[in-house]
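Below is one structure; the comments refer to it alone.
Since the structure is predicted, the reported quantities are computational estimates derived from the model, not experimental observations. Just so we're on the same page: letters track the sequence lines, and every chain starts at 1.
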Protein chains: 2
Amino acid sequence: MSAKIGQRSTKQRAAVAAALAEVDDFRSAQDLHDVLRRRGDLVGLTTVYRTLQALTDSGDIDVLINSDGESIYRHCGQSAGHHHHLVCRKCGRTVEVEGKAIERWTDAIAHEHGYSDITHTMEIFGLCPACARESTEAMS
Amino acid sequence: MSAKIGQRSTKQRAAVAAALAEVDDFRSAQDLHDVLRRRGDLVGLTTVYRTLQALTDSGDIDVLINSDGESIYRHCGQSAGHHHHLVCRKCGRTVEVEGKAIERWTDAIAHEHGYSDITHTMEIFGLCPACARESTEAMS
DNA sequence: ATGTTTATTGATAATGCTTTTCATTAAGGC
DNA sequence: GCCTTAATGAAAAGCATTATCAATAAACAT
């Protein structure tokens, strides 16, 4: 790993954060790079990747990986803390869900085994109502 | 897209299916290719990929994508019991844990939002007892 | 069995996302 | 302005996956 990022404020970082703030959806690094270029903010692709990673590490944005193996990013809506995503495996439609129960459960399990300093990752996948309807229609 | 697969039975396909059937866990295509080579079944990497894709399309196995963007596969019909992992972020020591509660919770949440055909991924990270002791000792 | 058809295989090349490298640039502090 | 070094970014490297395409071998007919 390299020197950790986020100790100086640069216009590139501001541009990436701003671009991400405007969109209320998951976008890939390359998408964001395009958006930035179109609007005239010349930011290197490498920097976009690095910045997104830094923002992710600091918990300022959410990442998840789509079915093509691409990482996609979004600014977290409710800064109201930790949450999970319910993602449609077909169209990507996402719902944010809270999971106090999960938090409690993982903490309990971990402590039971003597583990400390617990974190976890979790994603839920399913077919959203629209896509489910679509695929049953296709059956006929 | 090429001609769809699965119209002839070959030893390669049998080998891939068998390898996957033995393991009760998610494995990447390359992992499986290694497993096959070690046991003496010489199957080309390309064929492993193709076969896994075919098995996925026909619904015989599950895919999901890990946090590195790798596709990992598991033989479906998880009667053998779905479980999660509690992993030490320092030394990698892993404990397998069951999570009926999680299952129920994700299903409930998903149905609440109209999503169907639910799956989920989850990993728990922490410091195992040994590593925790080590790091407090280092403090002094 | 033998031949014919064509699905399947697999070594290699190509693709595409992401990370490294490293020389250059520019924040932040003096 | 000057210095230190974080940050940038073009180009190269890395890595999983997919496309190519000549060679092979199922399934089936003769």
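For A:D107, the salt bridge (charged side-chain N to carboxylate O under 4.0 Å, His left out) test picks out no residue, with sequence neighbours left out. Listed by chain and number, the residues in a side chain to side chain donor-acceptor pair (under 3.5 Å) with B:T56 amount to none (sequence neighbours excluded). Considering only residues two or more places apart in sequence or on other chains, A:H85 meets the ring-ring contact (aromatic ring centres under 6.0 Å, His included) condition with A:F26, A:H83. For A:N66, the side chain to side chain donor-acceptor pair (under 3.5 Å) partners at least two apart in sequence or on another chain are A:E70. Remark: A:H33 pairs with no residue by the ring-ring contact (aromatic ring centres under 6.0 Å, His included) rule, at least two apart or across chains.
Neither OP1 nor OP2 of C:dT18 sits under 4.0 Å from any side-chain N or O of A:Q53. For A:R50 and D:dG9, the shortest distance from a side-chain N or O to OP1 or OP2 is not below 4.0 Å. In this structure, B:Y49 does not reach the D:dT18 phosphate: none of its side-chain N or O atoms is under 4.0 Å from OP1 or OP2.
If you check every strand for non-hydrogen atoms under 4.0 Å, B:S28 touches nothing.
Listed for the A:H75 side chain is a donor-acceptor partner under 3.5 Å among the backbone atoms of A:V23. B:R13 places no side-chain N or O within donor-acceptor distance of the main-chain N or O of B:V48, the cut-off being under 3.5 Å.
Proximity note for B:A29 (side chain, C-beta onward) versus D:dA7, D:dT20, D:dT17: the nearest is D:dT17. Here the side chain of B:Q30 is nearest to one of D:dT8, D:dT17, C:dT9, namely D:dT17.
Side chains of B:R74 and B:L20 form no contact here, defined as non-hydrogen atoms less than 4.5 Å apart.
By the 4.5 Å side-chain criterion applied to Ile, Leu, Val, Met, Phe, Trp and Tyr, A:L127 is assigned to no cluster and stands alone. Here B:Y49 sits in one hydrophobic cluster together with B:L45; the rule is ILVMFWY side chains under 4.5 Å apart, joined directly or through other members.
C:dT9 atom P lies 13 Å from atom NE2 of B:H33, rounded to whole Å. If you take CG of A:L52 and P of C:dC17, they are 15 Å apart, rounded to a whole angstrom. Between A:L36 atom CG and D:dG9 atom C1' there is a gap of 14 Å when expressed in whole angstrom units. When rounded to the nearest whole Å, the span between CG of A:D57 and C1' of C:dT19 equals 14 Å. A straight line from CZ of A:F26 to P of C:dC17 spans 19 Å, rounded to a whole angstrom. B:D31 has its CG atom 14 Å from the C1' atom of D:dC15, to the nearest Å.
The end-to-end axis angle of the helix from C:dA1-D:dT30 to C:dC30-D:dG1, rounded to 10 degrees and based on five pairs per end, is 30°.
Scanning both residues, A:W105 and B:M122, for their nearest heavy atoms gives CZ3-CE, 3.0 Å. The two residues A:V63 and A:S71 come nearest to each other via the heavy atoms CG1-CB, 4.1 Å.
Counting non-hydrogen atoms of neighbouring residues, nucleotides and ligands closer than 6.0 angstrom, the CD atom of B:E98 reaches no more than 12 such neighbours.
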Distances for protein N/O vs nucleotides 1-4 of chain C N/O pairs under 3.5 angstrom?
none

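Residue pairs meeting the side chain to side chain donor-acceptor pair (under 3.5 Å) criterion with at least one partner in residues 36-47 of chain A, sequence neighbours excluded, are A:E22-A:R39, A:D34-A:R37.
Of the residues in residues 38-48 of chain B, B:L42, B:V43, B:G44, B:T46, B:T47 come within less than 4.0 Å of DNA chain C through at least one heavy atom, sorted by number.
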Original post:
For every nucleotide of nucleotides 23-30 of chain D, 5' to 3': is a protein heavy atom under 4.0 Å from its base (B), only from its sugar-phosphate (S), or from neither (-)?
Top reply: --BBS---
